[in-house]
Amino acid sequence: MLILSRKPGETLVIDGKIRVKVIRVEGDVVKLGIEAPPEVSIHRQEVYDEIQKNNKEAITAPQRDLPRLPGSPKEKDKQSQHQKEKLTATV
Amino acid sequence: MNTAEVDRLSVGELGNETVVHLPSGLLGFEQIKKYVLVSDPAEEPFKWLQVPGDSSLAFLVISPFQAVPDYTPEIPDEDVRSIGLEDPQDALVLNIVTLRKNGRSTLNLKGPIVINRFSMIGKQVVIANAAEYSVQHPLPPGE
């Protein structure tokens, strides 16, 4: 980890395109301002790590056995079955 | 949709495929900027966000409002701007489902994927009211 010291009002430049400025220090809270291109996302570490971990747990090979939700599958099964029957009837 | 660019994935005749662009990628998967959103009517309301070129890697997604009717994600202004959203009606919100053992599944309500339904450009957003919601919200059991 690169460790640098900056005073309020001073800035860091990362990869030529991200700028991090120390806006203000109030007690033990540092207010930072960040300028970055739109495709660079910026997040607080705790929530980033939580979502990243969840994304990694979620990734899977597609499968057919999906959860049932209240108010869905059985009705829809009937509908798509009905549509299939309609198509074969017109052929 | 440029069919020359999209790898043909075997989905079945009922599948409907749309390319989704995520310029920032998903958190932890920033290098993947393009996905194919697959909608099979037999699987509604679930859809699959598939990685082109690797049909074994996909995210199960769902519009959250049927399962969580009082879900009110607050999308930060910078994120709204970054996907060119002018009207909340133009947004397609999809949340990632994690399939777990014993038929239990959970929904990430802190980090929805918000897509501009016209440009199909989207972003996985950390909602401003993330503290109110869970990354592992249990999906209500069906029949």
Side-chain angles (χ1 to χ4, degrees), chain A residues 14-15 17-21 23 29 31-91, chain B residues 9-11 14 22-30 33 38 40-46 48-51 54-62 66-67 78-79 81-83 96-100 103-108 110-111 123-127 130-131 134-136 139-143:
Chain A
I14 299 168
D15 201 24
K17 45 189 194 260
I18 299 166
R19 291 177 174 247
V20 180
K21 182 175 181 176
I23 304 291
V29 176
K31 191 167 200 139
L32 298 168
I34 303 135
E35 284 175 333
E39 65 277 8
V40 173
S41 61
I42 300 161
H43 298 288
R44 290 173 177 74
Q45 174 253 321
E46 319 79 61
V47 72
Y48 179 91
D49 285 351
E50 195 180 16
I51 292 176
Q52 178 190 221
K53 176 165 174 273
N54 190 266
N55 283 350
K56 291 186 175 175
E57 285 169 5
I59 203 166
T60 180
Q63 58 186 79
R64 287 282 160 189
D65 194 18
L66 296 179
R68 293 182 163 250
L69 287 183
S72 341
K74 287 179 182 172
E75 280 304 320
K76 298 274 163 88
D77 280 352
K78 284 187 196 160
Q79 275 178 25
S80 64
Q81 187 60 39
H82 179 61
Q83 278 163 7
K84 280 189 218 170
E85 282 160 2
K86 267 176 91 172
L87 285 171
T88 45
T90 51
V91 168
Chain B
L9 300 166
S10 55
V11 168
L14 295 177
L22 302 181
S24 305
L26 294 175
L27 273 55
F29 296 90
E30 286 81 0
K33 315 277 192 194
V38 179
D40 181 341
E43 294 182 323
E44 286 294 331
F46 293 99
W48 289 99
L49 208 56
Q50 290 200 327
V51 177
D54 191 340
S55 53
S56 69
L57 289 183
F59 291 95
L60 184 63
V61 293
I62 188 173
Q66 178 181 342
E78 318 82 73
D79 295 325
R81 272 197 296 272
S82 77
I83 59 176
I96 292 177
V97 178
T98 305
L99 296 167
R100 298 182 189 275
R104 306 225 157 278
S105 306
T106 60
L107 201 53
N108 174 355
K110 283 191 199 272
K123 186 168 185 183
Q124 183 170 33
V125 159
V126 176
I127 58 178
S134 172
V135 150
Q136 295 184 8
L139 270 183
E143 299 90 71

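A note on names: the letters A, B, ... follow the listed sequences, proteins ahead of strands, and every chain is numbered from 1.
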### Query
Is the number of heavy atoms from other residues, nucleotides or ligands under 6.0 Å of E35(A) CD greater than 12?
no
### Task
Measure the CD-OG distance between E30(B) and S41(A) for me, rounded to the nearest 0.5 Å.
5.5 Å
### Message
If the test is side chain to side chain contact (heavy atoms under 4.5 Å, CB included), which one of V135(B), V126(B), I127(B) qualifies with V47(A)?
### Response
V126(B)
### Query
Between N55(A) and Q124(B), what is the shortest heavy-atom contact and its length?
ND2-OE1, 2.9 Å
## Note on the structure
Note: P38(A) and S24(B) closest approach over all heavy atoms is O-OG, 3.9 Å
### Query
Which heavy atom of Q63(A) sits nearest a heavy atom of E43(B), and at what distance?
O-OE2, 3.8 Å
## Note on the structure
Distance col, row I96(B):CD1 vs I59(A):CD1, nearest 0.5 angstrom, shows 8.5 Å
### Under 4.5 Å from any heavy atom of chain A - which part of I62(B)
side chain
### Proximity breakdown for L99(B) and chain A, heavy-atom pairs closer than 4.5 Å
side chain
### Query
Can you tell which of G25(B), S105(B), A58(B) has the highest number of heavy-atom pairs within less than 4.5 Å of chain A?
A58(B)
### Query
If every non-hydrogen atom of Q136(B) is compared with every non-hydrogen atom of N54(A), which pair is closest and at what distance?
CG-ND2, 3.7 Å
#### Entry: Nearest heavy-atom neighbours spanning G28(B) and Y48(A)
N-OH, 3.2 Å
### Query
Nearest heavy-atom pair of V97(B) and A58(A): which atoms, and what distance?
O-CB, 3.9 Å
### Spacing of CG belonging to D40(B) relative to CZ belonging to R64(A), to within rounding of 0.5 Å
5.0 Å
## Note on the structure
Bottom line for R81(B): the part with an atom under 4.5 Å from chain A's heavy atoms is neither
### Query
Out of curiosity, K56(A) NZ to L27(B) CG, how far, rounded to the nearest 0.5 Å?
10.0 Å
#### Entry: Segment of L57(B) engaging chain A (4.5 angstrom heavy-atom cut-off)
both
#### Entry: Heavy atoms of other groups near K53(A) NZ, more than 12 under 6.0 Å
no
### Message
Applying salt bridge (Lys or Arg N to Asp or Glu O under 4.0 Å), can you list everything that pairs with D65(A), at least two apart in sequence or on another chain?
### Response
none
